[in-house]
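The structure displayed is predicted, hence computed values, not measured ones. Every chain is numbered from 1, with letters handed out A, B, ... down the list of sequences.
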Number of protein chains: 4
Amino acid sequence: MELFAEQGYEKTSLREIAERLDVTKAALYYHFKTKEDIIVSLFQDLTRPMDELITWGQEQPRTLETKKEILARYSQALAAAAPLFRFMHENQATMRDLSIGETFKERMLVLLELVKDPDAALTDQIRCVSALFTMHAAMYVLRDAEGDPEEKREAALEVAIDLVSQAHGQAPRVTR
Amino acid sequence: MELFAEQGYEKTSLREIAERLDVTKAALYYHFKTKEDIIVSLFQDLTRPMDELITWGQEQPRTLETKKEILARYSQALAAAAPLFRFMHENQATMRDLSIGETFKERMLVLLELVKDPDAALTDQIRCVSALFTMHAAMYVLRDAEGDPEEKREAALEVAIDLVSQAHGQAPRVTR
Amino acid sequence: MELFAEQGYEKTSLREIAERLDVTKAALYYHFKTKEDIIVSLFQDLTRPMDELITWGQEQPRTLETKKEILARYSQALAAAAPLFRFMHENQATMRDLSIGETFKERMLVLLELVKDPDAALTDQIRCVSALFTMHAAMYVLRDAEGDPEEKREAALEVAIDLVSQAHGQAPRVTR
Amino acid sequence: MELFAEQGYEKTSLREIAERLDVTKAALYYHFKTKEDIIVSLFQDLTRPMDELITWGQEQPRTLETKKEILARYSQALAAAAPLFRFMHENQATMRDLSIGETFKERMLVLLELVKDPDAALTDQIRCVSALFTMHAAMYVLRDAEGDPEEKREAALEVAIDLVSQAHGQAPRVTR
DNA sequence: CATGAATGAGGGTTCATTCAT
DNA sequence: AATGAATGAACCCTCATTCAT
């Protein structure tokens, strides 16, 4: 996962993976049928939290409270599987060709369905899109910025929650 | 650009590019020194609007009004160079190795500097990050969604403007 | 080595080498990291005698007797690795770019240091240079000439020994 | 010639030549039919002295005096066309494929015929080979050594003359 | 469970050369 | 007299994959 996240899928060769694990290329082929199989395996381990979040979300009533909880859990999932999400974000062109059942984008759209109201104003729908992406953006842009990562995560979550709250017609908590 | 955006940089071979243009591989090498040079050229054409925006922004007073204008102009630049931004989004792993990669992220950070206040609360800083990315996200997620693209763009811009307004301590326009 | 000696380094392609060995090009790359690596390997096998000669020579007293012995041994090394030396002679332009190139010329100069006296008259120094090269020249020019190669080698060695003897102030054996 | 001498024939591309002369590749093709034609032209200019020396030598009586004169003239020709000789020496593998009427080696052998006596003892024949090569070797080995080049040339010539003198049964001038 | 050896397909790149203008 | 544009052939090299052992 480290190699894939650093270099991207195509630019990571089996030779590199084998060297990093200190085994031979042929040994990899004992455990995985193809290169694609390797990354699919990694995904199955790492996307479970996200899938669980989705199924959980689908069973809940579609209240603002639920949405806030979804954002909170998503924020945590994001932090827990940071390299995976980084990989998905940065290798979407590749992901399209990989036989991973639902792509990252599809999953995102399902999640989005849970958060946004298809009958709301367009701006409010976008607020919900933005809420989800805010947490990604915060992770991406603030990666090298100073400050406690946990603190940054919480701040991003707060902004996200504000956004869906506004989408529900509530005035945001004004912070100053 | 079409090929790069569809398939990603690494998976697009010079053979494909040449075939699409109905020339030989060698002919490409008369016009571009390397494969990287091809995409760099595409970028130079397409990032000019962004550069102009930055220099313009740096000459303005750092008021809320200016920031709104920056967002408005950025929204337009984004729409004009949509395939380029899609490519960057989806090929970040590659971008890191390309000589332009760094410069794009730098550009984004400079732009961010113009929009956010380094002394503001962390949440407000993230609101500004989010404002910029909202427009990206809207473009990305709503690409295949129904509705007039121009309408969507304006809605995203509105949300972005709300976010920086809030970061300036102003209550958002409540839309419903 | 045969191909390299016949055609030169640049004009010998990996395709040719692979065909001659009846393997694929890719198979070569399993055994050698680069094309250069192939020739470097050939050299390492073939220059060992020369290295041993040098270390031996450096441990001996710098008498005329030693120098004669060095020439005798060098003559033998030359005969043993004839194709190698032919290659070096005929591909010096290439050798300069190869990572071994320098080392060969350096080796020759070290050997020269063992044979010539830096304080002697210029002509005597050149006699020593000439002594070494005589054996090369003989090999090169007389390759296709008639006569027993071993006999020619011995004659060349005799001339070389005469040259260093003269450089030591001794009258040459006059042969007729 | 500079480029060919520095890098060798194969590794010098027409692009490089064109750039060095500040013309286009196509312009070269107006003046020369092929790449080979370029180097052939250079040779015709530069080997004339050597050819003249050969025809002159063939008309002279085959005395020791003549041979000394040949060596003297050859020494001068060598110095005058140093880069050419360097090129020939270092690119023999290439020379073989070039359609330059007589190769360097052939010319050398003709010259050698003029200097050596086919009926002499083998060692004496080698002395004559060595005489010619001494001047080459001196040029090659002593290129980067300190000292006046002209002085070195004369010393090498002296050694060469000594060698043919000995081949004629004369005791060498002992220098110390 | 693992490896050494090998391969076909394709990668990006460079080259000498051509030709209409 | 010169050039911009193009090309076919070849280059070195890397890749994911296979298979007998």
Visitor: Rounding to a whole Å, what distance do you find between C/L28:CG and F/dC11:P?
Guide: 13 Å
Visitor: Looking at A/Y29, does any N or O in its side chain come under 4.0 Å of the phosphate oxygens OP1/OP2 on F/dT17?
Guide: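 Yes.
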Visitor: Should B/Y9 and B/L98 count as side-chain neighbours, where that means a heavy-atom distance under 4.5 Å?
Guide: yes
Visitor: Rounded to the nearest Å, what distance is computed from the NZ atom of residue D/K11 to the P atom of nucleotide E/dC15?
Guide: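 Going from D/K11 (NZ) to E/dC15 (P), I get 11 Å.
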Visitor: Is the shortest distance from a Lys or Arg side-chain nitrogen in B/E16 or B/R20 to a carboxylate oxygen in the other one below 4.0 Å?
Guide: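 Salt bridge between B/E16 and B/R20, a charged N being under 4.0 Å from a carboxylate O: no.
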Visitor: On DNA chain E, does the nearest nucleotide to C/H31 precede the nearest nucleotide to D/T34 from the 5' side, or the other way round? Give the residue.
Guide: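 Here C/H31 is the residue nearer the 5' end.
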Visitor: Using a cut-off of strictly less than 4.0 Å, decide whether C/R15 has a side-chain nitrogen or oxygen near OP1 or OP2 of F/dC11.
Guide: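 For F/dC11, OP1/OP2 do have a side-chain N/O of C/R15 under 4.0 Å.
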Visitor: Could you give the CG-to-C1' distance, from A/L14 to F/dT18, as a whole number of Å?
Guide: 13 Å
Visitor: Once you round it to whole Å, what is the distance between P of F/dC12 and CZ of C/F32?
Guide: 15 Å
Visitor: Less than 4.5 Å apart, side chain to side chain, heavy atoms only: is that true for A/K11 and A/F4?
Guide: no
Visitor: Just so I know, are the side chains of C/L42 and C/L84 near enough to count as touching, which here means a heavy-atom distance under 4.5 Å?
Guide: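 No, side chains not in contact.
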Visitor: Reading DNA chain E from 5' onward, which residue's closest nucleotide shows up sooner: C/K25 or B/E36?
Guide: C/K25
Visitor: Roughly, in whole Å, what's the span from NZ in B/K35 to P in F/dC13?
Guide: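 My rounded result for the distance is 19 Å.
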Visitor: Pairing of DNA chain F as dot-bracket, 5' to 3': ( ) intra-strand, [ ] crossing, | other strand, . unpaired, with Watson-Crick or G-U pairs under 3.5 Å?
Guide: .||||||||||||||||||||
Visitor: Assign each of C/E10 and B/V23 to its nearest nucleotide of DNA chain F by heavy atoms, then name whichever residue's nucleotide is nearer the 5' end.
Guide: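 Counting from the 5' end, the first nearest nucleotide belongs to B/V23.
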Visitor: What is the distance, rounded to the nearest whole Å, between atom CG of D/D22 and atom C1' of F/dA2?
Guide: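 In whole Å, F/dA2 C1' and D/D22 CG are 13 Å from each other.
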Visitor: Between atom CG of D/L53 and atom CG of D/L78, what is the distance when rounded to the nearest 0.5 Å?
Guide: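 That separation rounds to 10.5 Å.
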Visitor: Let's go through C/H136 and D/F133 carefully: what are the C-alpha distance in whole Å and the side-chain angles of both, what is the deciding distance for side chain to side chain contact (heavy atoms under 4.5 Å, CB included) to 0.1 Å, and is it a yes or a no?
Guide: CA-CA 9 Å; C/H136 283 259; D/F133 272 78; over 6 Å; no
Visitor: Any salt bridge linking D/E90 with D/R86? Criterion: basic side-chain nitrogen under 4.0 Å from a carboxylate oxygen.
Guide: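 Yes, this pair counts.
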Visitor: Please check the phosphate of F/dA2 (OP1 and OP2 only) for any side-chain N or O of D/Y30 closer than 4.0 Å.
Guide: no
Visitor: How close or far is atom P of E/dT13 from atom CG of B/D37, stated in whole angstroms?
Guide: 10 Å
Visitor: Reading DNA chain F from 5' onward, which residue's closest nucleotide shows up sooner: C/S13 or B/A27?
Guide: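 Taking each residue's closest nucleotide, the earlier one in sequence belongs to B/A27.
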Visitor: May I have the distance from A/I39 (atom CD1) to F/dA16 (atom P), rounded to whole angstrom?
Guide: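 Taking atom P of F/dA16 as the reference, CD1 of A/I39 is at 12 Å.
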